[in-house]
Amino acid sequence: MSARLRILAALAAGLTFGLGLALSGMLNPARVRGFLDVAGAWDPSLVFVLGGAVTVSGLGFLLSRRLPGPVLETRFDLPTRRRIDAPLILGAALFGIGWGLSGFCPGPAVAALSTGAVPVLVFVVAMLIGMALHGLLPAAPAGSRRGVSPPA
């Protein structure tokens, strides 16, 4: 497939994702923090967003297991590691703390840049700095992630 088609597919997927985030209220950090505040004024409305996302993702994964390969790539890129280790737990904890404090995770933060709000810009800059710092860490063990094809 051509690079242009892959770029157009990525753009369409990104626009659909961003629109879904906007319609669901995920661009509003106060709403997200309300969802995460299970001990206080809990806002359960994002449970439906989470349920929809998990459903679509699960169906997509099941479909990928039945296909001979992806349409726009040569192979699926699936994680192969199954071990729960300290870096995974630390990363998940940092992600959760950041999400809870800011009300943003990476996807909604990038989509929320369209609002022009200064706190969003600060979050995205901090996220990019964190990504750059992570890039300075030693590489993950070989084989921790590799392209695989689904079983026949």
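Quick note: residue numbers are just sequence positions, from 1.
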query: Roughly how far, to the nearest 0.5 Å, is OG1 of T55 from CG of L59?
result: 6.5 Å
- prompt: Shared ILVMFWY cluster between F123 and L121, side chains joined below 4.5 angstrom?
  reply: yes
Side-chain donor/acceptor of S57 to backbone N/O of V54, under 3.5 Å: no
query: Rounded to the nearest 0.5 Å, how far does CE of M26 lie from CG of L50?
result: 8.5 Å
message: Is there a path of hydrophobic side-chain contacts, each under 4.5 Å between heavy atoms of I/L/V/M/F/W/Y residues, joining V38 to V32?
response: yes
task: Would you kindly confirm whether I129 and L94 end up in one hydrophobic cluster when ILVMFWY residues are joined by side chain heavy atoms under 4.5 Å apart?
output: no
- prompt: For the hydrophobic clusters of this structure (ILVMFWY residues joined by side-chain heavy atoms under 4.5 Å, transitively), does one cluster hold both L36 and V120?
  reply: no
query: Can you tell me if W42 uses its side chain to pair, donor with acceptor, with the backbone of D37 under 3.5 Å?
result: no
Tell me which donor-acceptor pairs under 3.5 Å the side chains of residues 101-114 have, and how far apart each pair is, sequence neighbours excluded?
unit_1, atom_1, unit_2, atom_2, d
S102, OG, G98, O, 2.7
S102, OG, F104, N, 3.0
S102, OG, F104, O, 3.3
S114, OG, A111, O, 2.8

- line: Closest non-hydrogen contact found for N28 with A30 is OD1-N, 3.0 Å
task: Would you mind telling me which of L23, L21, T16 makes a side chain to side chain contact (heavy atoms under 4.5 Å, CB included) with L19?
output: L23
field: Residues which pass side chain to side chain donor-acceptor pair (under 3.5 Å) with R31, listed by chain and number, not counting sequence neighbours
entry: S45
message: Test of understanding: with side-chain contact (heavy atoms from CB on, under 4.5 Å), list the residues that count as partners of L128, not counting sequence neighbours.
response: V124, M131
query: Can you tell me how far the CG atom of L67 sits from the CG atom of L62, to the nearest 0.5 Å?
result: 11.0 Å
- prompt: Which heavy atom of V49 sits nearest a heavy atom of S24, and at what distance?
  reply: CG2-CB, 3.3 Å
task: Say whether I97 and L90 are linked into one hydrophobic cluster, either directly or through other cluster members, by side-chain heavy-atom distances under 4.5 angstrom.
output: no
